[in-house]
Number of protein chains: 2
Amino acid sequence: MTARTRKAQRRTDALSRERIIEAAVELLDAAGEGGLTFRALTERLATGPGAIYWHVANKGELLDAATDDVVAAALAREPAGRPASPQEGVRAVALGLFGAIERHPWLAAQLAGQLSRGPERPVPPRILERFGQQVRELGVPESGWFVAASALMHYVLGAAGQHAANVAYARTLGPDADRAEVLGAVAAAWQGLDPADYPFTRAVADQVRDHDDREQFLAGVDLILAGITA
Amino acid sequence: MTARTRKAQRRTDALSRERIIEAAVELLDAAGEGGLTFRALTERLATGPGAIYWHVANKGELLDAATDDVVAAALAREPAGRPASPQEGVRAVALGLFGAIERHPWLAAQLAGQLSRGPERPVPPRILERFGQQVRELGVPESGWFVAASALMHYVLGAAGQHAANVAYARTLGPDADRAEVLGAVAAAWQGLDPADYPFTRAVADQVRDHDDREQFLAGVDLILAGITA
DNA sequence: TGAATCACTGGAACGACATTCCAGACATCC
DNA sequence: GGATGTCTGGAATGTCGTTCCAGTGATTCA
């Protein structure tokens with residue numbers, strides 16, 4: 001009989017690794033990266049630091065676990081049946097991650113952090129694997145597998161992260177800002193750049209205003225798909 | 001007469017924003033993200049916190065300034081003459097960033113952080129602009145400018161960051177590890193995954209071991225270029 | 001039926017950190 | 001030669017992650 005089983009028998013409100021991770025995700029969603037504090041966590045769970053540290057090694061592990069949890073849920077949410085085509089499969093995975101990052105804006109920085117903290121982190125291989133399986137079915141020769149899957153993963157994480165950042169930024173301007181204001185804010189920030197130094201960025205600012213983020217995101221995915229199948 | 005000019009006249013070892021940023025970059029290079037502390041900074045500059053805070057608003061601004069500094073230097077290092085082709089121009093920008101992230105591994109997380117912290121940060125537009133100008137010369141219709149430049153930027157930052165992470169990770173294993181060990185370490189970490197859950201990742205682990213990171217990175221850039229011109 | 005054991009808890013305390021405060025040093029200006 | 005404003009560094013503050021440890025209550029064993 002494991003420790004947790006025994007404890008669960010004792011009290012239904014017992015602390016557990018799952019409850020801690022769940023609370024951590026809620027705190028992150030509510031207040032961003034800085035919102036996750038052991039103090040806030042003890043308050044929300046009505047306990048002390050020692051209790052939490054018995055279930056979790058440290059804050060880093062907790063953040064990794066929260067990230068893993070959310071990403072796993074996002075990748076599992078996909079349609080059960082096989083996609084109509086590998087291309088559709090890639091789009092489904094991409095949109096799944098896009099939605100997860102949109103719902104949890106702190107995910108973007110966290111994923112980027114795991115990417116740049118060595119190959120041992122659990123999440124990047126999980127994502128690479130999903131894209132990779134679609135790439136394989138796309139008929140890409142094996143020598144191109146890694147490059148193709150990497151390109152998809154890096155674009156998706158980067159672009160989705162930027163989208164989430166824009167949404168969060170627009171929320172800063174006003175809690176009831178509508179979509180036009182949101183996109184307008186980003187465009188305005190870029191329009192304010194020096195025309196001599198940033199001719200291109202200023203030119204595309206208008207596109208950012210007029211296009212749907214999700215469509216533009218998918219256009220990027222299709223662009224890379226085109227590169228893969230070329 | 002500005003404050004800094006007058007001060008420079010008084011003492012050549014005077015504190016200045018430039019000297020602080022320079023010291024910050026050195027600390028980051030030496031000990032990574034956690035190495036930049038106001039304590040370490042005061043020690044290295046033989047001064048107190050107040051002196052630093054007179055020149056710099058807070059740690060975040062200092063990090064942003066250091067990032068901006070390094071990226072600007074990397075983008076300026078490119079060959080002065082016009083590239084032979086827009087494709088070569090893209091590769092030059094990509095390799096410039098790749099080298100900068102290789103020399104300063106903390107850059108990857110920092111750039112990702114700026115990306116996911118709103119459109120006001122100075123660095124992302126700087127990079128987007130460089131790629132964008134080449135995209136324009138590639139003959140891409142204006143409606144596709146943003147997607148093409150975004151795809152390039154996100155892939156380059158993500159892939160270069162992952163490369164830097166692997167190099168840093170390998171350095172952890174042993175200070176005198178050679179290239180084979182470095183790549184072997186990453187491959188070994190991926191080979192240890194569950195074959196049932198990670199068939200693709202395990203299959204590409206061998207490629208990671210046998211290929212040159214820089215070549216693979218450029219192959220990714222070319223893949224996206226192929227998608228853009230398709 | 002006790003006593004010993006074990007998983008688990010939470011309050012107190014610690015060191016490191018970013019940041020603020022402020023009394024003073026120093027060149028410059030009037 | 002006082003007044004001014006720039007610039008400095010030491011002391012102090014509050015928050016953070018983390019550790020320590022005396023306890024609690026269920027379980028196990030004699």
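Each chain gets a letter, A, B and so on, in the order the sequences are listed, and its residues count up from 1.
- When distances run from any side-chain atom of B:A51 to the nucleotides D:dT8, D:dT18, C:dT20, the shortest one goes to D:dT8.
- The main-chain N or O of B:A40 is never found under 3.5 Å from a side-chain atom of B:T37 such that the two would form a donor-acceptor pair.
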**OP:** Could you please spell out the steps behind the side chain to side chain contact (heavy atoms under 4.5 Å, CB included) verdict for A:Q110 and A:E33?
**Re:** CA-CA 9 Å; A:Q110 205 53 36; A:E33 187 127 18; 3.3 Å; yes
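- The listed nucleotides are D:dT6, C:dT19, D:dT19; the one nearest the side chain of A:Y53 is D:dT19.
- Nucleic acid contact class of A:A46 (heavy atoms, under 4.0 Å, all strands): sugar-phosphate only.
- Scanning for side chain to side chain donor-acceptor pair (under 3.5 Å) contacts around B:E43 gives an empty result, with sequence neighbours left out.
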Mind listing the N/O atom pairs, protein and nucleotides 21-24 of chain D, below 3.5 Å?
none

Using a 3.5 Å cut-off and no angle test, enumerate the donor-acceptor pairs between side-chain atoms of residues 154-161 of chain A and protein atoms at least two apart in sequence or in another chain.
residue, atom, partner, partner atom, Å
A:H154, NE2, B:Q162, OE1, 3.2
A:Y155, OH, A:F217, O, 3.4

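- In this structure, the nucleotide among D:dG10, D:dT6, C:dC8 sitting nearest to the side chain of B:W54 is D:dT6.
- B:R44 has no carboxylate O lying under 4.0 Å from a charged side-chain N of B:E22, or vice versa, which leaves the two without a salt bridge.
- Straight-line distance from the CG atom of B:N58 to the P atom of C:dT20: 8 Å, rounded to whole Å.
- Looking at A:R126, its side chain never comes within 3.5 Å of a backbone N or O of A:A72 through a donor-acceptor pair.
- Rounded to whole Å, the distance from CD1 on A:I52 to C1' on D:dT18 is 12 Å.
- Near DNA chain D, defined here as any heavy-atom distance below 4.0 Å, the residues from residues 23-44 of chain A are A:L36, A:T37, A:F38, A:R39, listed numerically.
- Although no hydrogens or angles enter the test, the distance criterion places no donor-acceptor pair under 3.5 Å between the side chain of B:E61 and the main chain of B:V56.
- Scored by the ring pair (Phe, Tyr, Trp, His ring centres under 6.0 Å) test, A:Y198 finds no partners at all (sequence neighbours excluded).
- Rounded to an integer number of Å, the gap from A:R17 CZ to C:dA7 C1' is 17 Å.
- Rounded to whole Å, the distance from CG on A:L45 to C1' on C:dG11 is 16 Å.
- Remark: B:H55 is not in phosphate contact with D:dT6, judged by side-chain N or O atoms under 4.0 Å from OP1 or OP2.
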For residues 91-106 of chain B, which side-chain donor-acceptor pairs fall under 3.5 Å, sequence neighbours excluded?
residue, atom, partner, partner atom, Å
B:R91, NE, B:D222, OD1, 2.8
B:R91, NH1, B:E88, OE2, 2.6
B:R91, NH2, B:D222, OD1, 3.0
B:E102, OE1, B:R214, NH2, 3.2
B:E102, OE2, B:H163, NE2, 2.9
B:H104, ND1, B:D29, OD1, 2.7
B:H104, ND1, B:D29, OD2, 2.9
B:W106, NE1, B:D29, OD1, 2.6

